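Down below is the structure, laid out as structure tokens.
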Amino acid sequence: MPAHDPALYDREAARIAKLKTQLVMIHPFWASLLIQLTLIPTDELGPYIGATDCVDRIWYNPVLTSPLSYRQLGFFLMHECAHIAFEHSTRREWRAHARWNQAADYAINLLVHDLREESPSITNLLPYELIPNILYDEQFRNMPAEAIYPLLLKNPPTTKTQTKDR
């Protein structure tokens, strides 16, 4: 991992601040959740773009978020926010952590992909763009993580997860 680059960290913090502001206009509900969270830049996430404690913090790796388009960065933020909103850490119960996180990722990624802009002055646009190699499969549409989990036990995903829960 490259050494900490303050200019890169500042650029990513600025992009995230802009996205948070934009979110207030296009998704007030999600904005109200995201604005309350602490976003922490770090280069200590290994190969992951980001992580959440599923309570009030999101960590992101500026080295890995910087190549993302603005719309992909928005997708990442909504993805992590959804882990918190849907209380995935408390719903895991007895399930294996890594597989549970994959099931939650499939459910979340379908939801975030389908979010439409809610502003009356904007005509139903998709504001976020899927991140390459993210866990996404239409067979899991309208399914909660609890229903996806046993299916993953039978057929584990071949795509690597790009975010993780701490």
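Keep in mind the model is a prediction, meaning the values are calculated, not measured.
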| query | Partners of L151 by side chain to side chain contact (heavy atoms under 4.5 Å, CB included), sequence neighbours excluded? | reply | F140, M143

| request: Report yes if some heavy atom in the side chain of L19 is under 4.5 Å from a heavy atom in the side chain of Y70; otherwise report no. | output: yes

| How are the rings of H83 and H88 set to each other: parallel, tilted or perpendicular (split at 30° and 60°)? | perpendicular

| message | Rounded at 0.5 Å granularity, tell me how far CZ in R95 sits from CG in L152. | response | 11.5 Å

| message | Can a donor-acceptor pair be found, under 3.5 Å and without considering hydrogens, that links the side chain of R11 to the backbone of S66? | response | no

| Point-to-point distance, once rounded to the nearest 0.5 Å, from NE2 of H79 to CD1 of I108 | 5.0 Å

| Side chain R15, main chain T65, donor-acceptor under 3.5 Å | yes

| said: I need the full list of salt bridge (Lys or Arg N to Asp or Glu O under 4.0 Å) pairs touching residues 55-68, with sequence neighbours left out, sorted by first then second residue. | reply: D53-R57

| Contacts of R141 that satisfy side chain to side chain donor-acceptor pair (under 3.5 Å) - sequence neighbours left out | D114, E138

| field | salt bridge (Lys or Arg N to Asp or Glu O under 4.0 Å) contacts touching residues 17-29 (sequence neighbours left out) | value | none

| task | First locate atom CG of L110, then atom CG of L130, and finally report the distance between them rounded to the nearest 0.5 Å. | result | 8.5 Å

| remark: Hits for side chain to side chain donor-acceptor pair (under 3.5 Å) against D10, two or more places apart or cross-chain, chain-then-number order -> none

| message | Could you report the tightest heavy-atom contact between A85 and W30, atom names first, then the distance? | response | CB-CZ3, 4.0 Å

| task | With rounding to the nearest 0.5 Å, note down the distance linking NE2 in H113 to CG in L111. | result | 11.5 Å

| query | Just by modelled atom types, is the I131 backbone N or O under 3.5 Å from a matching donor or acceptor in the Y136 side chain? | reply | no

| When I16 is tested against each of L73, T21, I58, L34 for side-chain contact (heavy atoms from CB on, under 4.5 Å), which residue passes? | L73

| Heavy-atom closest pair, residues A107 and A145 | CB-N, 4.1 Å

| field | Pairing residues for R92 by the salt bridge (Lys or Arg N to Asp or Glu O under 4.0 Å) criterion, not counting sequence neighbours | value | none

| Going from CH2 on W100 to CD1 on I148, what distance comes out if it is rounded to the nearest 0.5 angstrom? | 8.5 Å

| message | Just verifying a value: how many Å separate L37 CG and I84 CD1, rounded to the nearest 0.5 Å? | response | 4.5 Å

| query | Between the main-chain N or O of F76 and the side-chain N or O of E80, is there a donor-acceptor pair closer than 3.5 Å? | reply | no

